[in-house]
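Atoms within a ligand are numbered from 1 in the order they appear, just like the ligands themselves. Just so we're clear, the structure is a prediction, and the values are computed from it rather than from any experiment. Start at 1 with the first residue, then count along the sequence.
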Amino acid sequence: MLYHIVTYGCQMNVHESEKIAGMLEDLGYSPTDKREDADIIVFNTCAIREGAEDRAFGNIGALKQLKKQDRNKIIAVCGCMTQQKQVAEKIFKTFPFVDIVVGTHNLYLLEKLIKRKLNENKRILDYMESSPVIEGIPTKRTSGDNAWINIMYGCNNFCTYCIVPYVRGREMSRKKQDILDEIKEVIDTKCYKTITLLGQNVNSYGNDSKENGNFAELINDICKLDGDFKLTFMTSHPKDLSDELIEAIKNNDKVIKEIHLPVQSGSTKILKAMNRNYTREHYLDLIKKLRDAVPDIRITTDIIVGFPGETEQDFEDTCSLVKQVKYDGIFAFMYSKRSGTIAATMPNQVDESVKNYRVNYLLNLEKEIKAQKG
Ligand code: SF4
């Protein structure tokens, strides 16, 4: 029996697909690169951009033909799209050839749902508003010598352009001991050189329960584990980057000297409209602290251009910040409306042509900076 997983979106989803693979292999399935050969196809979807959702709808629709050729093929759709109740219902209604629709909170039930489908031969829509942290889901790691380790789920930040807190719910940290146990297992296999801690905002790890300690303490404790490994993490929200964390990066040889610190904009006015809860000055202060502590630290960032209300001056502020920080890498995105978010209803939406110009300008600026740095 063969399975094929299609993954959209971020590293969290890539890791979630590793858990899906783990559950499928537990059931006796093996991977295949060809969806036409698969007995089960799983679409692990992303909701971050409306365009991505539309594309996913198109791609799910295209599976109809495969199902026609083999009626026993199981088609399952999961991920952030199906954690939105109305979208899950729409997929279930629009695509009668989809057998299982399941959200992110109850994804751990996938094995059971597949067995139910096989036994009862009924279509299943399984949705849960929320769930506690579930441990012990089998994982088939597929990211080379890098092992992803989730340390927390959800987000409390409500950046005005982002749908994640509405879909993934509030922050829930895993118990520190569970994280350490999973990492020990990974180290013992001797197959992984790098361990990457994952969370929407790893810097707020532990804020929801004092017994776990904070993120800096977690890093210190992981680095005390025996074994030959390097440690890194993503993503860090600047508002929660503490001095203690900078010390942990500096003092632990196992921590890779790099940080992805999304600034999103160099204009304090726009940062406020984005509800990012830091200013340009605070961000630049963090960069200085990081470089004072670890002079050769690699710093990368995300930037959104054309956020509603972004003027030429605001964009110039972003460019001047980029010139000042001299990033080692920039992921630049044009703002795109995401319905269900506050920013989608804001006035002064920026023209596509202006966004296009700004994103290209920024990418050229990044190239120039890279060339200067050599
Ligand atoms: S920190 Fe902001 S951008 Fe990141 S997931 Fe949370 S709400 Fe979205």
Would you mind reporting whether [Y] and [X] have side-chain heavy atoms less than 4.5 Å apart?
X: E366; Y: V322; answer: no
X: I259; Y: V294; answer: no
X: E247; Y: I219; answer: no

Which of the protein's N, O or S atoms come within less than 2.8 Å of atom 6 (Fe) of ligand 1, not counting waters?
C155 SG
Which of the atoms of ligand 1 are close to Y161, meaning less than 4.0 Å from one of its heavy atoms?
3 (S)
Among pairs that include at least one residue of residues 70-125, which meet ring-ring contact (aromatic ring centres under 6.0 Å, His included), considering only residues two or more places apart or in two chains?
F57-F95, F95-F97
Scan residues 152-194 for pairs that pass ring-ring contact (aromatic ring centres under 6.0 Å, His included), counting only residues two or more places apart or in two chains.
F158-Y166
Show the atom names and distances, to 0.1 Å, of all donor-acceptor pairs under 3.5 Å that link a side chain in residues 29-39 to residues at least two apart or in another chain.
| from | atom 1 | to | atom 2 | distance (Å) |
| --- | --- | --- | --- | --- |
| T32 | OG1 | K34 | N | 3.1 |
| D39 | OD2 | L2 | N | 2.6 |

